[in-house]
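Quick notes on the structure that follows.
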There are 2 protein chains.
Amino acid sequence: MSDTAQSSRPGERAGVEAGAPAEKPARRSDATRAAILAAARERFAASGYERATIRAIAQDAGIDPSMVMRYYGNKEGLFAAAAEIDLRMPDVSWPDERESALPVGSGHGAGGQAGLALVEHFLDLWENSEILTALLRVGVTNASGAERMREIFEQQLIPVAVKHSPDPQSAPRRAALVASQILGMALARYVLRFPPAVEMSRQEVIDWLGPTVHRYLTSPDA
Amino acid sequence: MSDTAQSSRPGERAGVEAGAPAEKPARRSDATRAAILAAARERFAASGYERATIRAIAQDAGIDPSMVMRYYGNKEGLFAAAAEIDLRMPDVSWPDERESALPVGSGHGAGGQAGLALVEHFLDLWENSEILTALLRVGVTNASGAERMREIFEQQLIPVAVKHSPDPQSAPRRAALVASQILGMALARYVLRFPPAVEMSRQEVIDWLGPTVHRYLTSPDA
DNA sequence: ACCGGAAGTCAACACTTGTGGGCCAACGGG
DNA sequence: CCCGTTGGCCCACAAGTGTTGACTTCCGGT
């Protein structure tokens with residue numbers, strides 16, 4: 001009800017976070033806003049929603065807690081801003097039968113290029129940004145966090161599945177299967193840190209999950 | 001440091017929770033203890049560690065918050081007690097090449113009985129008790145919750161993998177892969193509630209995940 | 001040089017949380 | 001029948017939370 005919050009536009013262009021509509025007034029406070037967002041992502045990723053206190057985030061960003069309120073309205077608004085993410089899923093022009101000069105899927109051969117590439121892409125995402133960890137940590141205990149994950153799943157993952165599934169009607173289920181395997185590995189490897197999952201090499205993960213994901217996407221079934 | 005807590009023995013024998021050492025003095029307060037534990041599991045499952053307040057748990061159990069402290073020492077102690085779980089993994093005598101009069105894995109045929117049975121077992125576990133949801137919700141944001149999950153993984157899941165993997169040395173990694181797929185599906189279906197994952201029928205889940213799990217367990221690879 | 005507004009600080013609020021101490025009631029063996 | 005033990009409740013504390021409003025500082029345009 002209180003309209004204390006201002007427009008709330010991020011503005012950084014690093015890594016994964018946010019798309020690039022660009023062309024904003026460029027306020028003087030943009031640096032602070034970005035600092036807050038970065039600190040928020042870090043804290044949300046490290047501690048989840050409840051333990052990531054506004055005070056701690058503000059301190060990380062080197063400003064006063066009240067600034068967070070000023071710029072993002074309340075804690076939920078801050079999370080909503082921090083959890084804005086573009087998975088940058090590989091486009092329609094999928095590297096499916098490409099020449100592939102890279103030694104991708106080394107030991108496996110017929111693993112299915114689409115599956116391998118997908119797993120690879122998500123490993124990159126997960127390892128180069130804390131935002132997915134934050135999203136997962138919050139999504140598991142917080143209603144709006146879960147809602148945000150559902151949105152991302154629907155808007156960014158299902159479309160990919162549509163392009164690759166033999167039957168467009170089965171795409172959502174296939175996307176859910178893919179998500180389950182990829183989120184599950186992220187859970188085991190980056191959040192719960194099951195030792196064997198952590199110790200697996202990147203290539204091992206790709207070799208094991210690639211065929212699974214590929215099958216979920218393309219196998220003719222129901 | 002304070003030894004306020006008493007011995008803390010559960011005592012119920014329902015569903016999944018706890019093993020059955022049995023034969024305890026049987027105190028007069030056992031009913032209350034069980035009520036607390038049940039309420040705690042419910043709250044932990046529904047809200048995660050931080051939002052499951054001792055006060056709320058006590059109210060659900062119909063007693064005073066201080067009783068929780070008396071019986072379980074502190075909140076962590078309560079969680080530790082509530083998260084005691086026996087997965088009751090099918091024994092060595094695995095239904096691997098059995099006659100299998102049941103129409104298990106109906107549509108799939110060569111899906112691998114071990115994989116199918118495992119997935120089935122976990123679906124049962126997940127749907128008949130809130131404890132696994134509690135464990136997952138807490139494990140994702142709480143250090144000792146994650147630790148508990150690692151213990152369960154190591155003590156109850158790896159042994160199963162050992163029995164089925166061609167190479168005992170690769171068993172931990174195989175167990176981690178299995179865990180990733182099963183936890184991931186639980187995450188998508190029971191926690192994040194991705195609509196397509198929720199709408200899939202039990203048999204569909206079994207048919208899709210069964211072969212994956214079977215491959216992770218038995219496929220000769222690294 | 002002035003001034004309006006933005007950026008930022010400070011101190012406080014209302015509330016919830018985990019936790020502990022003190023007190024009362026019921027029980028059951030001697 | 002009595003009294004120690006046990007089960008239970010009430011109240012309070014200290015710490016930490018999100019959130020707010022008033023105050024100061026700084027900047028850029030006129």
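In what follows, every chain begins at residue 1, and chains take the letters A, B, ... in the order their sequences are listed.
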Check your understanding: Looking only at side chains, do B:S144 and B:Y49 share a donor and an acceptor under 3.5 Å apart?
Key -> no

Check your understanding: Just checking, any donor-acceptor pair under 3.5 angstrom between side chains of A:S180 and B:R189?
Key -> no

Interatomic distance where [atom1] belongs to [X] and [atom2] belongs to [N] [whole Å]:
X: B:Y71; N: C:dT19; atom1: OH; atom2: C1'; answer: 17 Å
X: A:K75; N: D:dT17; atom1: NZ; atom2: P; answer: 9 Å
X: B:M69; N: C:dG22; atom1: CE; atom2: P; answer: 16 Å
X: B:E76; N: C:dG18; atom1: CD; atom2: C1'; answer: 12 Å

Please tell me which of the listed nucleotides, [options], lies nearest to the side chain of [X]?
X: A:M67; options: C:dA7, D:dG18, C:dT19; value: C:dA7
X: B:P65; options: D:dT19, D:dC9, C:dT19; value: C:dT19
X: B:N74; options: C:dT19, D:dG18, D:dG8; value: C:dT19

Review point. If you look at every heavy atom in A:V191 and B:V140, which pair is closest and at what distance?
Key: CG1-O, 3.8 Å

Check your understanding: For A:R174 and A:R215, which heavy atoms make the closest approach, and how far apart are they?
Key -> NH1-O, 4.1 Å

**Study point:** Under-3.5 Å donor-acceptor pair between A:R55 side chain and D:dG18 base
**Key:** yes

Review point. Is any N or O donor-acceptor pair between the side chain of B:R70 and the base of D:dG8 shorter than 3.5 Å?
Key: yes

Exercise for review: Hey, which sits more toward the 5' end of DNA chain C by its nearest nucleotide, B:R28 or B:Y49?
Suggested key: B:Y49

Check your understanding: If you find the nucleotide of DNA chain D closest to A:T53 and the one closest to B:D64, which residue's nucleotide is nearer the 5' end?
Key -> B:D64

Practice item. Examine D:dG7: is either OP1 or OP2 under 4.0 Å from a nitrogen or oxygen in the side chain of B:S29? Give yes or no. Key: yes

Check your understanding: So what does B:T32 hit on the nucleic acid, given a heavy-atom distance under 4.0 Å: a base, only sugar-phosphate, or nothing?
Key -> sugar-phosphate

